[in-house]
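All values below were derived from every heavy atom in this structure, side-chain atoms included, with hydrogens, water molecules and symmetry-related copies excluded.
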There are 2 protein chains.
Amino acid sequence: MSEAGTDAVVPPELQRLWRRQPAGRRGPRPALSVDRIVQTAVEIADAEGLAAVSMARVADALGFTPMALYRHVSGKDELLALMADAVPGPPPPIPADLGWRDALELWTRSQIELAMTRPWYLDLPLSSVTPGPQRAAWLEAAFYAMRDLALPADEKMAIAGLLAQHVLGETRVQVESRRTAVQRVRRAAGLGDDVPDSELDPEALAAAHPYADFELILTRLASPEEYPYLAGALASWEPSPGGEPSSDDEIAFGVGVVLDGIEAWVARRGAGTA
Amino acid sequence: MSEAGTDAVVPPELQRLWRRQPAGRRGPRPALSVDRIVQTAVEIADAEGLAAVSMARVADALGFTPMALYRHVSGKDELLALMADAVPGPPPPIPADLGWRDALELWTRSQIELAMTRPWYLDLPLSSVTPGPQRAAWLEAAFYAMRDLALPADEKMAIAGLLAQHVLGETRVQVESRRTAVQRVRRAAGLGDDVPDSELDPEALAAAHPYADFELILTRLASPEEYPYLAGALASWEPSPGGEPSSDDEIAFGVGVVLDGIEAWVARRGAGTA
DNA sequence: TAAACAGTGTAGACGGCATAAACAGTTTAG
DNA sequence: CTAAACTGTTTATGCCGTCTACACTGTTTA
């Protein structure tokens, strides 16, 4: 009886997000389900990007009318929110003997890697803070990673939030710079937008580092008088030994810096473990 | 002559972004300009959100046909990119006597404040890494802030990038949690989506803190067995003295942690100043 | 001075999009 | 057996970005 009583309070979109459909039903058994809809939407996004995900497209892939989807999902916004929770998958198992810092690093890097294999994840309007089952599982993993830290819950939450933010930011930068590199290579080769990424020359892609536009801009468009320090930076820019820094290096830098900052905080609070 | 020669290499969308239109023209003098278009687009977004910005809407506000815009802008994507560069405005003046850390903090916080007054900024597809004149000016300011730091240019760039990332992430969290709070208050009051934010009860809004959904989820939807650490965190959650942490506190936490991390990096590189 | 031409704005149309309303069929509750 | 609840379909609306063809206006050039 607490079931029915509590369910009444939970808004319907949350019930759908957590897949809590009331059991006693009446009409015909549905041929469609939230899960099937979300899954094919994700497949379309994987194959052709988020822009290709439309109600009509998803319905078509399932062999239904567009309007059929609306019986299971309140609209496209909700579909996107459902995709956002579905996509990250379960968090990686965190070895029990890992210290909080290593554990958090694992947690963070897993997310970055995940998002980078699904670039369209960043195109989702991260509309809601409210977690679904998957994001809750990730959060659970973060709290597990910090279980030995003597910090109040709200501070742990802030730390997890900070790292999650960093994941999004870092991934965005990586994905964007890859996109512009792709674009540049494509244009240099005189190819259209319809050529798939896979056919682009991987060497040229590796060479097209993201700051290439910078030089062009600062030499051709921006006067050094207006941007003296930027111009100076460009002038002193020296190719690092062994070529441009890889994206791995950049990711390691960001994660390391943020974790250093967290470590400083932990130390200041005297919350570390022996 | 170097002018013409170089201009030929710069792609047209970059020329528009930097407002470099070739001088010697032929046809009738244009009644419209990139600047006017971008400006009214920004005005519409300020008033009604980014979703209200459509080609037709912008053209209408200017008293032109939708297609007229396409003479000055290659399409909607480019318009959005132009808005992205136009919106941040000039960076704040950085006092010359500020140390690098304080200067970077000023730089970072200014951006956060700016973005929070223009929530739709986060809705923009940050499609391009390539900076326009305004973003270049912000970058210039960052390099100015770090002028006394003995670090190679690429590391300074990485630091600026990390902070810029953090700005986006932090602002996103703030804006989103505000949006969900607004939504919650609206629903609680039984109001529709058409009620403007300004008419919402500010007290109720302040009370609707972003983690409110958490409790609901963990008590009604998620079993504590599946999310033990999360449940534990919720159980030990104690209202901090003086109410929920304000958004100022949260922002300070994030910026502080990241800067601590950067400071650790700088110290490790032995690049700090006396 | 006249013809060629590049550039600017307009008119109309197209296909795609999210979604609203009305309806017919199906299963269960009473 | 009837009423109610539910699922999927049909049809239609209005908005969107953008393509094409066109008329007009200045400048450049012959």
Neighbours of DNA chain C within residues 49-62 of chain A, by heavy-atom distance under 4.0 Å: A/Ser54, A/Met55, A/Ala56
Atom of B/Leu216, atom of A/Pro11 and distance for their closest heavy-atom approach: CD2-CD, 4.5 Å
Side chain to side chain contact (heavy atoms under 4.5 Å, CB included) between A/Leu114 and A/Trp138, worked out: CA-CA 13 Å; A/Leu114 240 153; A/Trp138 278 88; 3.7 Å; yes
Whole-Å distance separating the CG atom of A/Leu69 from the P atom of C/dA18: 10 Å
Any residue meeting salt bridge (Lys or Arg N to Asp or Glu O under 4.0 Å) with A/Glu78, in chain and number order, not counting sequence neighbours: A/Arg16
Distances under 3.5 Å only, N/O to N/O: pair up the protein atoms with those of nucleotides 8-12 of chain D.
{"from": "D/dG8", "atom 1": "OP1", "to": "A/Ala31", "atom 2": "N", "distance (Å)": "2.5"}
{"from": "D/dG8", "atom 1": "OP1", "to": "A/Leu32", "atom 2": "N", "distance (Å)": "3.0"}
{"from": "D/dG8", "atom 1": "OP2", "to": "A/His72", "atom 2": "NE2", "distance (Å)": "2.5"}
{"from": "D/dG8", "atom 1": "N7", "to": "A/Arg71", "atom 2": "NE", "distance (Å)": "2.7"}
{"from": "D/dG8", "atom 1": "N7", "to": "A/Arg71", "atom 2": "NH2", "distance (Å)": "3.4"}
{"from": "D/dG8", "atom 1": "O6", "to": "A/Arg71", "atom 2": "NH2", "distance (Å)": "2.3"}
{"from": "D/dT9", "atom 1": "OP1", "to": "A/Thr65", "atom 2": "OG1", "distance (Å)": "3.4"}
{"from": "D/dT9", "atom 1": "OP2", "to": "A/Thr65", "atom 2": "N", "distance (Å)": "3.0"}
{"from": "D/dT9", "atom 1": "OP2", "to": "A/Thr65", "atom 2": "OG1", "distance (Å)": "2.7"}
{"from": "D/dT9", "atom 1": "O5'", "to": "A/Thr65", "atom 2": "OG1", "distance (Å)": "3.0"}

Interface polar pairs with nucleotides 3-5 of chain D, N/O, under 3.5 angstrom:
{"from": "D/dA5", "atom 1": "O4'", "to": "A/Arg26", "atom 2": "NE", "distance (Å)": "3.3"}

For A/Met83, the option from A/Leu80, A/Val87, A/Asp85 that meets side-chain contact (heavy atoms from CB on, under 4.5 Å): A/Leu80
Approximate separation, where rounding is to 0.5 Å, of B/Ser177 OG and B/Glu250 CD: 6.5 Å
Distance, rounded to the nearest Å, where B/Asp77 contributes CG and D/dG17 contributes P: 10 Å
Residues which pass side-chain contact (heavy atoms from CB on, under 4.5 Å) with A/Asp123, listed by chain and number, not counting sequence neighbours: A/Leu50, A/Trp120, A/Arg179
For A/Arg19 against A/Val34, the heavy-atom pair lying closest together: NE-CG1, 3.8 Å
Between CD1 on residue A/Ile251 and CD1 on residue A/Ile112, distance to nearest 0.5 Å: 5.5 Å
Value in whole Å for how far the P atom of C/dA21 lies from OH of A/Tyr70: 13 Å
Atom pair distance, as rounded to whole Å: CG in A/Leu80 and P in C/dC17: 14 Å
Positions of residues 35-46 of chain A (non-hydrogen atom under 4.0 Å from DNA chain D), listed by number: none
Pairwise distance CD(A/Gln134) to CG(A/Leu139) - rounded to 0.5 angstrom: 13.5 Å
Secondary structure string for DNA chain D (Watson-Crick or G-U under 3.5 angstrom, | for other-strand pairs): ||||||||||||||||||||||||||||||
Listed partners of B/Arg71 passing salt bridge (Lys or Arg N to Asp or Glu O under 4.0 Å), at least two apart: none
A/His166 vs B/Gln165, side chain to side chain contact (heavy atoms under 4.5 Å, CB included): CA-CA, chis, key distance, verdict: CA-CA 7 Å; A/His166 178 69; B/Gln165 254 178 59; 3.4 Å; yes
Side chains of residues 59-68 of chain A: which donor-acceptor partners sit under 3.5 Å, not counting sequence neighbours?
none

Residues in side-chain hydrogen bond (donor to acceptor under 3.5 Å, both in side chains) contact with A/Arg36, at least two apart in sequence or another chain: none
For A/Glu226, all residues meeting side-chain contact (heavy atoms from CB on, under 4.5 Å), sequence neighbours excluded: A/Ser223
Pairs flagged by salt bridge (Lys or Arg N to Asp or Glu O under 4.0 Å) wherever residues 45-56 of chain A is involved - sequence neighbours left out: A/Asp46-A/Arg118, A/Glu48-A/Arg57
